[in-house]
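For reference, the structure is listed below as structure tokens.
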Amino acid sequence: MAPLVKVLKSDGLSFCTKVCVTAQHREMLDQVLDFFEVVPDFDLNLMRPGQNLFQLTADLITGLKPVMENFKPDYVLVHGDTTTSMVSALAAFYSGAKVCHVEAGLRTHDKWSPFPEEINRQLTGRLADIHFAPTEVSQQNLLDEGCKKDSIKVVGNTVIDALLWAVDKLKDYTDNEIDSLKKILSVEKKVILVTGHRRENFGEGFINICKAIKKLSFRPDVQIIYPVHLNPNVQGPVHEILKDIPNVKLISPLGYPAFVWLMEKSYLILTDSGGVQEEAPSLGKPVLVMRDNTERPEALQAGTVKLVGTVKEQITGAAFQLLDDQHEYSLMSKAHNPYGDGKSSIRILEVLKNG
């Protein structure tokens, strides 16, 4: 949302724009706000140790009430599929504001995968007055659910705006995390970046993922870098199976600038994340998605990602093919990214100005 905030605030004649953050992830949020030079007007500071969805949802709806009452917004813009977005949309509906859903219409049609994001996204869609869909596929999903066509605007995804802005800023930017990465990166090897944190992969899924990574690590021509999510369900199997392997670097979660920097330096990315499926293709990096389904089928159709599930043989087989077959690698790395050209925020601004 950072580039959209910047575009809206730049048009002070049309809009009075204020930013509310819930701090569902405090440290990650603060670092991103600093990098994008965004100062929030409301900070609910809701991060709690061991926070669960019940408590978070309750804290969000009560925390947002005074924000809606004091600012009295005409429009509330929410993004994607987080619990923060879903509850903010509900609070906006209660307050009488129009709900604008950015990155609308993505679907797996399986309410348990990803959990709770699929239902968060669907509920937000039911509350939305304006759907800013990234692609025609997401537009069709909304039409199939009965949304009026004139309420849906296909604008691309603002995540690409943010990525391209970040890549440009990183040319003259450095921080401690990037300095630390430079010290461990083996430039003579093919770097495989791994991210994994999805709840539906907890247990056997993560064990299989880690076994696949271990098999990949036997190759002397690769280096695997894995920023390990802090959730104990991730930390446990990752450290048990992958610790003390020389060419596997288990590091702490990265801030946004360092993660973008590392994506640029990588040869291949293994992930169960949604956003990475959209970002990496803009950098020419093939993505293997370690999930059984994806709410981003456009990437599969475009050939920028492959779905490999959490089966060890499928993960390693697809990775070996990209490591050894330059033609296959080139097909994925040069495929067109269907998620945007970096101008989504400007399109959203124009829709709101003409609304």
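Geometrically, Lys169 engages Phe35 in a cation-pi contact, judged by NZ or CZ lying under 6.0 Å from the ring centre and within 45° of the ring axis.
In this structure a side-chain-to-backbone donor-acceptor pair under 3.5 Å is present from Thr62 to Asp59. Of the possible donor and acceptor atoms, none in the side chain of Asn157 sits under 3.5 Å from a partner among the backbone N and O of Gly340. Checking side-chain atoms of Gln139 against main-chain N and O of Thr135 turns up no donor-acceptor pair under 3.5 Å. With Ser266 contributing its side chain and Leu268 its backbone, the two residues share no donor-acceptor pair below 3.5 Å. In this structure, the side chain of Asp34 does not engage the main chain of Asp30 through any donor-acceptor pair within 3.5 Å. Not one N or O on the side chain of Ser151 forms a donor-acceptor pair closer than 3.5 Å with the backbone of Cys147. Asp41 places a side-chain N or O within 3.5 Å of a backbone atom of Val19 that can act as its donor or acceptor partner. Without hydrogens or angle criteria, Glu177 side chain to Gly255 main chain gives a donor-acceptor distance under 3.5 Å. The backbone N or O of Thr17 lies less than 3.5 Å from a partner atom in the side chain of Lys9, making a donor-acceptor pair.
The closest side-chain heavy-atom distance from Leu242 to Tyr226 is below 4.5 Å. Between Arg291 and Pro114 there is a side-chain heavy-atom pair separated by less than 4.5 Å. By the 4.5 Å heavy-atom criterion applied to side chains, Ile315 and Lys211 are not counted as neighbours. Using a 4.5 Å cut-off on side-chain heavy atoms (C-beta onward), Leu8 and Leu352 make contact. Taking 4.5 Å as the limit, every side-chain heavy atom of Val308 sits out of range of all side-chain heavy atoms of Val289. Using a 4.5 Å cut-off on side-chain heavy atoms (C-beta onward), Ile269 and Val194 make no contact. With a 4.5 Å cut-off on side-chain heavy atoms, Pro40 and Leu33 count as touching. At a threshold of 4.5 Å between non-hydrogen side-chain atoms, the residues Leu288 and Gln314 do not count as touching.
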- Message: Assess the residue pair Glu103 and Arg296 against the criterion (salt bridge (Lys or Arg N to Asp or Glu O under 4.0 Å)); give the C-alpha distance rounded to whole Å, side-chain angles, the decisive distance to 0.1 Å, and a yes or no.
- Response: CA-CA 11 Å; Glu103 197 188 69; Arg296 292 168 170 84; 3.4 Å; yes
- Task: Would you sort out whether Glu117 and Lys111 count as a salt bridge (Lys or Arg N to Asp or Glu O under 4.0 Å), showing the intermediate values?
- Result: CA-CA 8 Å; Glu117 288 85 359; Lys111 73 176 185 178; over 6 Å; no
- Message: Assess the residue pair Leu193 and Leu270 against the criterion (side chain to side chain contact (heavy atoms under 4.5 Å, CB included)); give the C-alpha distance rounded to whole Å, side-chain angles, the decisive distance to 0.1 Å, and a yes or no.
- Response: CA-CA 6 Å; Leu193 170 60; Leu270 275 61; over 6 Å; no
- Query: Does the pair Gln277 and Thr294 meet the rule for a side chain to side chain donor-acceptor pair (under 3.5 Å), with working shown?
  - Reply: CA-CA 9 Å; Gln277 296 175 50; Thr294 178; 2.8 Å; yes
- Determine, step by step, whether Met332 and Thr304 satisfy the side chain to side chain contact (heavy atoms under 4.5 Å, CB included) criterion, reporting the C-alpha distance in whole Å, the side-chain angles of both residues, the deciding distance to 0.1 Å, and the verdict. CA-CA 5 Å; Met332 289 190 72; Thr304 57; 5.9 Å; no
- Message: Leu323 vs Ile192, test: side chain to side chain contact (heavy atoms under 4.5 Å, CB included). Steps then yes/no.
- Response: CA-CA 10 Å; Leu323 290 166; Ile192 299 176; 4.3 Å; yes
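Here Asp150 does not pair with Lys148 in a salt bridge; the nearest charged N to carboxylate O distance is not below 4.0 Å. In this structure, Lys153 does not pair ionically with Glu350, as no charged nitrogen and carboxylate oxygen lie closer than 4.0 Å. Of the charged side-chain nitrogens involved, at least one lies within less than 4.0 Å of a carboxylate oxygen, so that Asp43 and Arg26 count as a salt-bridged pair. Salt-bridge formation is not detected for the pair Lys98/Asp129: no Lys NZ or Arg NE/NH1/NH2 atom is positioned less than 4.0 Å from an Asp or Glu carboxylate oxygen. Lys65 and Glu69 are joined by a salt bridge, as a carboxylate oxygen and a charged side-chain nitrogen come within less than 4.0 angstrom of each other. Taking the charged nitrogens against the carboxylate oxygens, Lys285 and Glu279 have no contact shorter than 4.0 Å, which rules out a salt bridge.
The hydrophobic cluster containing Ile348 does not contain Val76, counting ILVMFWY residues as joined when their side-chain heavy atoms lie under 4.5 angstrom apart, directly or transitively.
Summarising the geometry, atom OG1 belonging to Thr310 is positioned 10.5 Å from atom CD1 belonging to Ile207; distances are rounded to the nearest 0.5 Å. Here the CD1 atom belonging to Ile245 is positioned 11.0 Å from the NZ atom belonging to Lys249, to the nearest 0.5 angstrom. With values rounded to the nearest 0.5 angstrom, His229 atom NE2 is found 8.5 Å from Phe206 atom CZ. Distance check, rounded to the nearest 0.5 Å: CG of Asp144 to CZ of Arg107 gives 10.0 Å. Interatomic distance, CD1 of Ile119 versus OG of Ser113, reported as 11.5 Å (0.5 Å rounding). For the atom pair SG (Cys16) and CG (Asp11), the distance works out to 12.0 Å, reported to the nearest 0.5 Å.
Counted by atom type alone, Ser85 and Thr82 present one or more donor-acceptor pairs between their side chains at under 3.5 Å. Remark: the Asn120 side chain and the Thr83 side chain contain an N/O donor-acceptor pair separated by less than 3.5 Å. For the 3.5 Å distance criterion, the side chains of Ser344 and Thr158 fail to qualify, holding no donor opposite an acceptor. Remark: the Ser330 side chain and the Ser333 side chain contain no N/O donor-acceptor pair separated by less than 3.5 Å. When only modelled atom types and interatomic distance are considered, Thr22 and Thr84 share a side-chain donor-acceptor pair under 3.5 Å. Checked by atom type, the side-chain pair Thr108/Glu295 shows no donor-acceptor distance below 3.5 Å. Residues Gln122 and Glu118 bring a donor and an acceptor atom of their side chains to less than 3.5 Å of each other. In this model, no donor atom of one side chain and acceptor atom of the other lie less than 3.5 Å apart for Glu145 and Asn141. If you check the side chains of Asp179 and Thr174, you find a donor sitting under 3.5 Å from an acceptor. For the residue pair Asp161 and Ser345, a side-chain donor N or O sits within less than 3.5 Å of a side-chain acceptor on the partner.
Taking the side chain to side chain donor-acceptor pair (under 3.5 Å) definition, one finds that Gln51 meets it with nothing, sequence neighbours left out. The side chain to side chain donor-acceptor pair (under 3.5 Å) search around Asn247 returns none, not counting sequence neighbours. Checked against side chain to side chain donor-acceptor pair (under 3.5 Å), Asp110 has no partners two or more places apart in sequence or in another chain.
Applying the ring-ring contact (aromatic ring centres under 6.0 Å, His included) definition to pairs two or more places apart or across chains, those involving residues 256-282 are Phe36-Tyr256, Tyr267-Tyr329. Evaluation of the ring-ring contact (aromatic ring centres under 6.0 Å, His included) test over residues 110-138, restricted to residues two or more places apart or in two chains, returns Trp112-Phe115.
Crowding of Gln140 atom CD: a count of heavy atoms from other residues, nucleotides or ligands under 6.0 Å exceeding 12. No more than 12 heavy-atom neighbours from other residues, nucleotides or ligands sit within 6.0 angstrom of NZ on Lys343.
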In residues 180-187, what donor-acceptor pairs under 3.5 Å come from side-chain atoms, sequence neighbours left out?
| unit_1 | atom_1 | unit_2 | atom_2 | d |
| --- | --- | --- | --- | --- |
| Ser180 | OG | Asn176 | O | 3.0 |
| Ser186 | OG | Gln223 | NE2 | 3.4 |

